[in-house]
Amino acid sequence: MVNRARLRAGDSAAIGSRLDTLDARVSLTQAPFVTAECDHLTRLEAATTGVCQLREIAEGVYCVEALFDVSGRLMWISPSIERLTGWTPETCLAAPDALALMVHESDRRYCLRMAQRVAEGSAGEDFEMRLLREDGRICWVACHWRPLGKHSAHPAGLRMSAEDIQARKETEYKLLETVTELRRAQALRERYLARSNDERQRLSALLNVIRLGILFMDRDHRVLYCNRAMLDIWGFPPDENLIGMRDVVLQSRIAELIEQPEAYIEHIDAVLRTFVVSEPYEVHFRDGRIVTDIAAVVEAVQGRRGIGRVWIYEDVTQQRRTAERLVELAEHDPLTGLFNRRRFHEELTRLLADASRRGVQVGLVAIDLDGFKPINDEFGHQAGDEVLVGLAGAVGDVIRRNEMFCRLGGDEFAVLVPDTEETQLCELARRILEVIEALRFDFGGRSVGLTASLGIAIFPHHASTAEQLIAVADQAMYRSKSSGRDQWTMAASGSDESARMGTSDSDEPNRRGD
């Protein structure tokens with residue numbers, strides 16, 4: 001902070017003049033709580049804060065920023081130069097000629113010429129050049145020269161900004177290599193195919209169906225061309241030469257890689273008997289990958305028969321896994337892994353439709369936990385989640401394979417039981433109550449437990465639609481709660497009677513009127 005005693009001892013008028021000049025250039029009075037009427041100390045402190053903030057910003061930039069005087073001497077460079085080139089800012093500043101240190105010799109003269117233009121009055125120069133890294137490698141950057149001191153007639157210095165474009169340059173080089181490789185492949189193909197019109201038709205077919213792996217077979221069922229993606233998909237070494245290989249030999253090579261080679265060979269034979277673009281066919285690899293193929297005939301000109309066939313292969317493993325994961329997330333509760341409310345309603349509708357056709361019954365057991373909210377409130381949501389997960393696992397162990405256990409939300413659960421009877425549902429309810437009552441959880445050194453209230457409804461005895469079945473099961477469940485909890489209640493029959501039974505009752509339900 002500025003020393004107030006020194007400020008009072010100084011020339012106040014001169015300081016005020018300097019602050020007015022600074023304010024005119026950088027709008028000092030735009031800082032919060034700073035106005036032209038503030039005392040010199042406040043304005044100096046605002047300027048100090050602004051300078052510190054600007055230095056932090058300048059030193060934290062991702063691209064390289066550097067300041068030179070008009071003679072080309074480096075005055076400051078951002079720490080990002082070390083990330084890009086390996087040269088530290090101290091090394092660059094200590095170098096007699098920083099540009100000679102950092103810029104590749106092939107681009108150095110052009111870089112200096114662009115800097116000279118800016119020093120002579122140009123508004124700015126943009127170009128690409130190579131920086132020389134400390135380890136001897138090069139790094140392409142987009143360079144921008146700009147003048148410093150835009151308020152004066154002549155620049156007070158030069159500013160150089162450099163953006164890393166190495167990845168883009170490498171992509172351009174790879175593209176050039178790919179073009180070269182395709183040209184080489186084209187020359188190789190011309191050894192096995194007629195020239196001119198046939199080649200033009202083949203390239204047209206490639207452009208129409210190309211995705212990833214490409215395999216051209218000639219009319220004699222020999223490999224005419226394949227790209228690198230095809231070799232990668234089928235597990236061939238990148239330098240493998242398949243040109244001239246018969247299809248039967250190729251099939252024998254790939255048979256050990258896929259799960260059902262016989263089915264895939266039958267698929268290939270079926271495709272070869274057609275003359276239209278084939279439908280996508282999924283090939284399942286033993287390593288878990290899924291690849292689709294599409295085939296099309298390469299048409300000839302002037303009414304001649306096809307000159308071969310092109311096969312296109314695409315690895316869709318990630319797409320299938322993503323789709324499966326989305327389906328799982330859409331149908332399962334993320335906490336317990338049980339089926340969620342959406343899947344519950346879908347299955348209930350399906351089971352009722354099936355039961356109507358077959359003349360059987362469907363049971364619904366509604367489950368609501370007793371004492372869950374106090375656990376959640378006292379020990380936190382993490383403890384509540386632990387209870388839900390533990391309960392889902394314990395109750396799931398007593399659910400039979402044909403029964404469907406779902407979490408409907410919060411502490412509400414349900415079990416769908418197809419093709420069932422009342423006695424079976426009562427026995428299921430008894431098992432669920434016993435399992436839940438036996439659960440114990442330790443939170444903060446305290447052992448806690450909980451119970452559940454169950455409601456049972458049967459289609460079509462208690463309800464004729466899914467909505468009605470859910471409603472009467474909920475009503476029966478609330479009767480269990482109002483009658484002391486830790487018991488199950490059968491939905492009201494036509495005479496408006498229900499049965500209740502706790503875990504301590506006998507095996508025969510104790511029925512009594514509501």
Side-chain angles (χ1 to χ4, degrees), residues 332-341 343-344 363-401 403-417 420 422-457 470 472-491 498-512 514:
H332 288 77
D333 173 48
L335 176 64
T336 62
L338 301 177
F339 289 118
N340 59 15
R341 182 183 292 272
R343 181 65 183 274
F344 165 79
L364 170 59
V365 181
I367 306 171
D368 190 87
L369 302 184
D370 305 326
F372 176 74
K373 187 176 185 303
I375 294 176
N376 212 35
D377 292 343
E378 182 175 355
F379 301 104
H381 293 292
Q382 185 173 357
D385 290 347
E386 183 178 337
V387 169
L388 294 175
V389 172
L391 181 140
V395 175
D397 290 339
V398 300
I399 298 297
R400 293 188 174 93
R401 181 170 299 179
E403 299 167 349
M404 185 176 181
F405 188 27
C406 308
R407 183 189 178 198
L408 305 184
D411 59 350
E412 298 179 9
F413 298 82
V415 181
L416 289 174
V417 185
T420 187
E422 181 175 330
T423 55
Q424 297 175 359
L425 292 171
C426 293
E427 174 61 22
L428 173 61
R430 184 189 63 80
R431 295 199 310 269
I432 292 174
L433 287 175
E434 287 181 349
V435 167
I436 295 177
E437 189 178 25
L439 288 173
R440 306 302 297 175
F441 300 91
D442 184 67
F443 301 123
R446 288 179 53 189
S447 179
V448 297
L450 71 168
T451 59
S453 297
L454 277 59
I456 305 173
I470 295 172
V472 295
D474 282 344
Q475 291 172 5
M477 181 268 293
Y478 284 118
R479 291 194 193 101
S480 295
K481 279 191 175 294
S482 63
S483 300
R485 305 183 177 184
D486 191 20
Q487 60 185 339
W488 56 260
T489 301
M490 184 67 66
S498 62
R500 297 188 187 88
M501 180 177 170
T503 57
S504 60
D505 289 34
S506 63
D507 291 340
E508 291 295 324
N510 179 20
R511 299 182 180 274
R512 57 182 183 268
D514 288 330

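Side-chain atoms are counted along with the backbone in the values below, which use heavy atoms only and exclude waters and symmetry mates. Since the structure is predicted, the reported quantities are computational estimates derived from the model, not experimental observations.
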For this session: From the options Leu388, Val389, Val395, select the one residue that forms a side-chain contact (heavy atoms from CB on, under 4.5 Å) with Leu391.
Result: Val395

Problem set entry | Counterpart residues, side-chain contact (heavy atoms from CB on, under 4.5 Å), relative to Val417 (two or more places apart) | Glu403, Val415, Thr420, Leu425, Leu428

For this session: Could you list the residues that satisfy side-chain contact (heavy atoms from CB on, under 4.5 Å) with Glu378, not counting sequence neighbours?
Result: Arg446

Minimum heavy-atom distance [X]-[Y], with the two atoms named:
X      : Y      : answer
Leu433 : Ala452 : CD2-O, 3.3 Å
Ala457 : Val472 : CB-CG2, 3.4 Å
Arg431 : Val398 : NH2-O, 3.2 Å
Asp442 : Ser447 : OD1-N, 4.1 Å
Ala366 : Asp474 : CB-OD1, 4.0 Å
Trp488 : Ser480 : C-OG, 3.4 Å

I'd like to check [X] versus [Y] (side-chain heavy atoms, cut-off strictly below 4.5 Å). Are they in contact?
X      : Y      : value
Leu416 : Leu364 : yes
Arg341 : Cys406 : no
Leu454 : Thr489 : no
Phe344 : Leu408 : yes
Asp368 : Lys481 : yes
Val448 : Phe379 : yes
Gln382 : Glu386 : no

Problem set entry | Crowding at OH, Tyr478 (>12 non-hydrogen neighbours, <6.0 Å) | no

Exercise. Going from CE on Met477 to CD1 on Ile470, what distance comes out if it is rounded to the nearest 0.5 angstrom?
Worked result: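 Separation between the atoms: 12.0 Å.
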
Exercise. Once you round to the nearest 0.5 Å, how far does CG of Leu335 lie from CG of Asp385?
Worked result: 4.5 Å

For this session: Let me see the working for Phe339 and Asp333 under side chain to side chain contact (heavy atoms under 4.5 Å, CB included), right down to the final yes or no.
Result: CA-CA 6 Å; Phe339 289 118; Asp333 173 48; over 6 Å; no

Any donor and acceptor pair, going by atom type alone, linking the side chain of [X] with main-chain N or O of [Y] inside 3.5 Å?
X      : Y      : result
Arg485 : Ser453 : no
Arg407 : Gly410 : yes
Asp370 : Asp486 : yes

For this session: Keeping to residues at least two apart or across chains, list the ring pair (Phe, Tyr, Trp, His ring centres under 6.0 Å) pairs with something in residues 381-401.
Result: none

Problem set entry | Ring center gap for Phe413 and Phe405 short of 6.0 angstrom |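 Close enough - the centres of the two rings lie under 6.0 Å apart.
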
Problem set entry | Derivation of the salt bridge (charged side-chain N to carboxylate O under 4.0 Å, His left out) call for Glu427 and Arg430 | CA-CA 5 Å; Glu427 174 61 22; Arg430 184 189 63 80; 2.3 Å; yes

